[in-house]
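Here is the structure we will look at, set down as structure tokens.
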Amino acid sequence: MPELPEVETVRRDLTRSLAGKRITQVEILNTGSLKGATPKGFLGEISGRSFTRFGRRGKYLILHLDTGKVLVVHLKMTGVLQYQQKGDSLPRAARIIFYFSGGQRLVFSDQRKFGSIELAGDAGTIPSLQEMGPEPLEKDFTSEALKERLGGRRGPIKPLLLDQSIVAGLGNIYAAEALHRAAIAPQRPADQLSGPELKKLHRAIIQVLKEAIAARGSSVDTYRDGQGKKGWFQVKHRVYGKQGNKCRRCGGTIVKEIFRGRGTYWCPKCQR
DNA sequence: CGAGTTTCCTGCGCGC
DNA sequence: TGCGCGCAGGAAACTC
Ligand SMILES: [Zn+2]
């Protein structure tokens, strides 16, 4: 599942691959993957254009066109954006393909069709982007900012970490990993976290995201980077997907539980 | 406003 | 080996 580190890896890859390339043609294989324009309108807006800048906000990738318009991409669970050379084999789940003048292509594939590419005048017009919380790797994400965003909410901390309006870019993997590093149980009511615990959590979020970016993300399922290659942070996971294993901190057994309808991985012995 | 529930979609793993 | 079923999950849309 692409979360902040995976989307950031793709952003960096595409920045290198696509700079200065002109789009000659677009092929829409699944119209449901396209938002903000009809297929015909999309072709008209995109053909002949080039990408000028590659941004990210939370798990959204923002591709700026030379017209000033943007493509806002969300990979959701199984979306992949990969740059291919002429002759590379097309992914089975290819949904939208951008062709470039040199014969290369950018392929958006998405097995479960949850992801999308939205054409917009600018990123600010998209409601979910307007409501996005602080970027955890920016300077304004302080432990005070985290506390303020949690705003005395009484619900359990884990679902709140998945709420993009509280912190941008965390998903099931990195919420679990950050809570384990901070030794906080997923069920703990957010308003009962102490000052030191919030500081530890804040630090854990930043550290795990930075380490994951350095490892080019977690390829637990279908995730691939901008070159179609796997990341390797999954081998560094301490709780996510590690049910039945021993906790590296306390020797306890990692469990997987369904909590609030989501798979939740944690160590009941050292996460309190 | 917050909190809970449903929906989207399809490959995979499981049980028989 | 083959079949059918249930599961996984981010976030929008909905209800209470
Ligand atoms: Zn432990």
Side-chain angles (χ1 to χ4, degrees), chain A residues 1-10 28-36 56-62 72-81 90-96 107-120 123 125-133 135-136 148-179 186-192 205 209 212 217-224 230 234 237 239-244 255-266:
Chain A
M1 296 170 306
E3 304 179 22
L4 188 152
E6 291 75 26
V7 178
E8 178 62 18
T9 300
V10 172
I28 299 161
L29 304 173
N30 178 60
T31 53
S33 301
L34 180 66
K35 289 162 73 178
R56 180 189 57 74
R57 185 79 174 92
K59 302 177 203 172
Y60 289 87
L61 195 58
I62 302 166
V72 179
V73 182
H74 202 305
L75 302 172
K76 292 282 178 88
M77 263 101 66
T78 58
V80 174
L81 264 184
L90 197 65
R92 205 192 309 271
R95 308 300 183 198
I96 298 178
V107 182
F108 173 68
S109 60
D110 187 16
Q111 184 181 102
R112 293 185 206 169
K113 300 182 178 175
F114 279 16
S116 61
I117 298 183
E118 177 164 2
L119 176 68
T125 63
I126 295 183
S128 50
L129 278 171
Q130 292 170 1
E131 293 155 19
M132 190 85 49
E135 278 295 322
E148 189 192 318
R149 280 282 166 170
L150 288 169
R153 300 265 290 265
R154 279 183 271 185
I157 185 66
K158 193 244 181 176
L160 291 171
L161 289 181
L162 298 180
D163 184 337
Q164 301 300 296
S165 70
I166 291 173
V167 185
L170 292 181
N172 216 22
I173 297 173
Y174 299 105
E177 294 294 325
L179 284 170
Q187 302 83 350
R188 273 287 292 290
D191 65 342
Q192 284 178 21
I205 289 169
L209 293 177
S218 301
S219 287
V220 288
D221 193 9
T222 54
Y223 167 72
R224 298 293 183 275
K230 292 186 180 189
Q234 65 279 7
H237 290 176
V239 286
Y240 188 88
K242 298 293 175 185
Q243 64 273 33
V255 298
K256 177 189 184 183
E257 295 171 355
I258 304 300
F259 177 56
R260 299 287 172 101
R262 293 284 172 262
T264 300
Y265 302 85
W266 65 298

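Every chain is numbered from 1 and lettered A, B, ... according to where its sequence line falls, protein lines coming before strand lines. It should be emphasised that the depicted structure is a prediction, and the values quoted were computed from it without experimental measurement.
- Across the protein-nucleic acid pair, Lys59(A) atom NZ and dG9(C) atom C1' stand 10 Å apart, rounded to whole Å.
- Mapping Arg262(A) and Gly155(A) onto DNA chain B by nearest heavy atom places Gly155(A) at the nucleotide closer to the 5' end.
- At the phosphate of dT10(B), neither OP1 nor OP2 sits under 4.0 Å from any side-chain N or O atom of Arg92(A).
- For Lys158(A) and Thr264(A), the side-chain atoms include at least one donor-acceptor pair closer than 3.5 Å.
- When rounded to the nearest whole Å, the span between NZ of Lys76(A) and P of dC8(B) equals 13 Å.
- Taking atom CE of residue Met77(A) and atom P of nucleotide dT7(B), one finds them 16 Å apart after rounding to whole Å.
- Formation of a donor-acceptor pair under 3.5 Å by the Glu8(A) side chain with backbone atoms of Arg56(A) is not found in this model.
- Note on Ile258(A): only backbone sugar-phosphate atoms sit closer than 4.0 angstrom, heavy atoms only; bases stay farther off.
- Taking atom CZ on Arg112(A) and atom C1' on dC7(C), their separation rounds to 9 Å, with Å as the unit.
- When the side-chain nitrogen and oxygen atoms of Ser128(A) are compared with OP1 and OP2 of dA12(C), one or more of them lie within a distance under 4.0 Å.
- Pairing for dT1(C) is absent, with no Watson-Crick or G-U wobble pair whose two atom distances lie under 3.5 Å.
- Distance, Ile173(A) CD1 to dG10(C) C1': 12 Å, rounded to whole Å.
- Atom-to-atom, CZ of Arg260(A) to P of dT6(B) comes out at 15 Å; the value is rounded to the nearest Å.
- For dA3(B), the OP1/OP2 oxygens have no side-chain nitrogen or oxygen of Arg154(A) closer than 4.0 Å.
- Looking at heavy-atom distances under 4.0 Å, Asn172(A) makes contact with sugar-phosphate atoms alone, never a base.
- Judged by distance alone, the side chains of Tyr174(A) and Ser218(A) do bring a donor and an acceptor atom under 3.5 Å apart.
- The phosphate of dG10(C) has neither OP1 nor OP2 within less than 4.0 Å of any side-chain N or O from His74(A).
- Tested against Met1(A), the residues Thr222(A), Asn172(A), Leu75(A) include a single side-chain contact (heavy atoms from CB on, under 4.5 Å) partner, Asn172(A).
- Between Arg57(A) and Glu135(A) there is a salt bridge, since at least one side-chain N of the basic residue sits less than 4.0 Å from a carboxylate O of the acidic one.
- In this structure, of dG2(B), dC9(B), dA12(C), it is dA12(C) that holds the atom nearest to the side chain of Tyr60(A).
- The separation between Phe114(A) atom CZ and dG9(C) atom P is 12 Å, rounded to whole Å.
- If you check every strand for non-hydrogen atoms under 4.0 Å, Gly115(A) touches nothing.
- At dA11(C), one or more side-chain N or O atoms of Gln164(A) fall inside 4.0 Å of OP1 or OP2 (strictly under the cut-off).
- One atom, CD of Gln111(A), and another, P of dA8(C), lie 16 Å apart when rounded to the nearest Å.
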